[in-house]
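Only one structure is covered here, and it is reproduced in the block below.
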Number of protein chains: 2
Amino acid sequence: MKEILESLKNKLSTHNFKLTSQREDILKILIKNKNRHFSAESLFAEVKKINPDVGLATIYRNLELFCKLGITHQLDFDSSHKYYELDLEGTHHHHLICVNCNRIIEFNDDALEEFEKELEKSYDFKIADHKIKFFGLCSECKGLKD
Amino acid sequence: MKEILESLKNKLSTHNFKLTSQREDILKILIKNKNRHFSAESLFAEVKKINPDVGLATIYRNLELFCKLGITHQLDFDSSHKYYELDLEGTHHHHLICVNCNRIIEFNDDALEEFEKELEKSYDFKIADHKIKFFGLCSECKGLKD
DNA sequence: ATCGATGCAAACCTTTTGCATGCAG
DNA sequence: CTGCATGCAAAAGGTTTGCATCGAT
């Protein structure tokens with residue numbers, strides 16, 4: 001935990017960005033909630049609990065900065081809000097989204113690689129990244145709908 | 001072409017929605033550009049060429065209606081605009097998006113079914129739908145980057 | 001004739017930006 | 001000290017809504 005924060009702070013100073021208390025507070029919240037998907041607004045609410053004086057614009061500006069530095073990345077579950085997620089190594093994953101309770105389950109994509117290779121051949125396309133979401137009913141909601 | 005329009009108009013009247021000239025104009029544009037992805041604004045521009053008096057609010061209201069009726073569906077390529085696409089049977093597909101020239105190539109997903117079945121087993125999740133996008137370089141841009 | 005559909009403009013919501021002040025380096 | 005970062009408020013951009021009018025049934 002501590003060492004994640006240190007390495008991210010390090011990434012900031014390496015790129016000559018200042019280590020402000022706001023940036024540290026935002027990083028702390030992101031790290032503490034590794035697998036949560038934050039909107040700017042919801043992150044703002046969390047950071048305010050630590051530092052009531054933070055401004056929403058600071059959240060937006062730093063989320064943009066963090067995405068550029070690869071500290072976070074942007075998700076697009078819906079097209080009226082932007083969502084962000086901490087981008088730790090070895091956590092590349094995708095989402096199963098329950099359409100009933102909105103729970104989001106993450107999964108890895110090892111099995112996808114083969115499919116990608118075939119796609120690249122068929123369409124003469126070099127794949128660099130992907131975004132994959134499955135929608136349906138999670139184990140609990142499946143039961144309820146029977 | 002003609003018969004697609006008729007069947008969609010039929011879907012409207014079946015559900016007791018009125019066949020206004022605006023709705024017909026919107027459908028005509030969508031059908032004529034089957035494989036284009038429209039923002040409300042770009043669809044508005046096209047419809048205006050046929051009917052200069054149409055209002056943007058009408059475009060929004062009807063795109064929402066058409067999505068409810070399954071005539072169109074919403075895409076989320078980026079989270080600051082909503083994009084829409086005609087939803088014809090047998091055209092379920094996904095997208096290869098070139099990060100260099102923004103070209104969008106569509107592909108079918110037959111090979112994906114097996115992967116889905118495994119996911120359902122592993123996570124005890126009933127998959128109903130999916131959204132899949134691959135990002136990379138298309139055949140032309142691949143060459144340029146060599 | 002009725003009530004849903006439309007056009008316009010205003011409202012809304014999320015995100016971005018300008019500017020004066022604050023603070024890390 | 002210097003210039004980047006911040007907070008605030010205003011602006012921007014996309015979408016939705018209220019209201020009077022229009023027009024399909």
Side-chain angles (χ1 to χ4, degrees), chain A residues 6 8-29 37-69 71-84, chain B residues 5-6 8-29 37-45 47-69 71-84:
Chain A
E6 286 313 311
L8 295 183
K9 281 164 70 176
N10 215 46
K11 190 174 271 187
L12 281 173
S13 30
T14 304
H15 290 79
N16 295 317
F17 293 105
K18 292 181 177 169
L19 293 174
T20 64
S21 67
Q22 291 89 336
R23 285 184 176 153
E24 185 156 351
D25 291 339
I26 295 171
L27 289 176
K28 278 182 190 163
I29 298 295
H37 311 109
F38 283 102
S39 64
E41 205 63 58
S42 64
L43 181 57
F44 181 46
E46 290 301 320
V47 176
K48 256 189 167 162
K49 291 180 190 168
I50 304 183
N51 173 0
D53 295 327
V54 73
L56 181 54
T58 299
I59 304 290
Y60 277 107
R61 281 190 277 235
N62 281 310
L63 281 173
E64 193 189 340
L65 173 63
F66 292 169
C67 284
K68 270 187 198 142
L69 293 177
I71 291 176
T72 55
H73 63 97
Q74 204 179 302
L75 307 164
D76 42 21
F77 291 131
D78 89 62
S79 30
S80 28
H81 295 70
K82 295 185 175 177
Y83 287 91
Y84 301 86
Chain B
L5 180 58
E6 286 313 312
L8 295 184
K9 281 164 70 177
N10 215 46
K11 189 173 273 186
L12 281 174
S13 30
T14 305
H15 290 80
N16 295 316
F17 292 105
K18 292 181 177 169
L19 292 174
T20 63
S21 67
Q22 290 89 336
R23 285 183 177 154
E24 185 156 352
D25 291 338
I26 296 172
L27 289 175
K28 278 181 189 163
I29 298 294
H37 310 109
F38 283 102
S39 63
E41 205 64 58
S42 65
L43 181 56
F44 181 48
V47 176
K48 256 190 167 163
K49 291 180 188 167
I50 305 181
N51 172 359
D53 295 329
V54 73
L56 180 54
T58 299
I59 303 291
Y60 277 106
R61 281 190 276 236
N62 281 310
L63 280 173
E64 192 190 340
L65 172 64
F66 292 170
C67 283
K68 270 187 198 143
L69 293 177
I71 291 175
T72 56
H73 63 98
Q74 203 178 305
L75 306 163
D76 42 20
F77 291 132
D78 89 62
S79 29
S80 28
H81 294 69
K82 294 183 176 179
Y83 287 92
Y84 301 86

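Given the structure is predicted, the values throughout are model-derived calculations rather than measurements. Numbered from 1 within each chain, the chains take letters A, B, ... in sequence-line order.
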Listed partners of B/S80 passing side-chain hydrogen bond (donor to acceptor under 3.5 Å, both in side chains), at least two apart: B/D78
Set of side-chain hydrogen bond (donor to acceptor under 3.5 Å, both in side chains) partners for A/S42, sequence neighbours left out: A/S39
Listed partners of A/H37 passing side-chain contact (heavy atoms from CB on, under 4.5 Å), at least two apart: A/L75, A/F77, A/E85, A/H95, A/I104, A/E106
Listed partners of B/Q74 passing side-chain contact (heavy atoms from CB on, under 4.5 Å), at least two apart: A/S79, B/K82, B/Y84
Taking OP1 and OP2 of [N], is either one under 4.0 Å from a side-chain nitrogen or oxygen of [X]?
X	N	value
A/Q22	D/dG7	yes
B/K9	D/dA24	no
B/K82	D/dT16	yes

Interatomic distance, A/L8 atom CG to A/L12 atom CG [nearest 0.5 angstrom]: 7.5 Å
Which residues share a salt bridge (Lys or Arg N to Asp or Glu O under 4.0 Å) with B/K9, sequence neighbours left out: B/E6, B/E24
Under the salt bridge (Lys or Arg N to Asp or Glu O under 4.0 Å) test, residues paired with B/E64 that sit two or more places apart: B/K68
In whole angstroms, how far is the [atom2] atom of [N] from the [atom1] atom of [X]?
X	N	atom1	atom2	value
A/E41	C/dT15	CD	C1'	10 Å
B/H81	D/dA12	NE2	C1'	12 Å
A/Q74	C/dT15	CD	C1'	11 Å
B/H15	C/dG4	NE2	P	17 Å
B/K68	C/dA5	NZ	P	11 Å
B/I26	C/dT6	CD1	C1'	11 Å
B/L69	C/dA5	CG	P	11 Å
B/R23	C/dG4	CZ	C1'	8 Å

Considering only heavy atoms from C-beta outward, does the side chain of [X] approach that of [Y] to under 4.5 Å?
X	Y	answer
A/N62	A/L27	no
B/T72	B/F38	no
A/N10	A/S13	yes

Angle between terminal axes - the helix from C/dA1-D/dT25 to C/dG25-D/dC1, 5 pairs each end, rounded to 10°: 30°
Touch class at under 4.0 angstrom, heavy-atom based, for B/N16 against every strand present: nothing
Touch class at under 4.0 angstrom, heavy-atom based, for B/S80 against every strand present: sugar-phosphate
Per-nucleotide protein contact string for nucleotides 20-25 of chain C, where B marks a base within reach and S marks sugar-phosphate only (heavy atoms under 4.0 Å, - for neither): ----BS
DNA chain D contacts among residues 55-63 of chain A, heavy-atom distance under 4.0 Å: A/G55, A/A57, A/T58, A/R61, A/N62
Anything under 3.5 Å between a donor and an acceptor, one on a side chain of residues 45-60 of chain A, the other on a protein residue two or more places apart or in another chain? List them.
| residue | atom | partner | partner atom | Å |
| --- | --- | --- | --- | --- |
| A/E46 | OE2 | A/K49 | NZ | 3.2 |
| A/N51 | OD1 | A/D53 | N | 3.0 |

Whether A/H81 and A/Y83 hold their rings parallel, tilted or perpendicular, with breakpoints at 30° and 60°: tilted
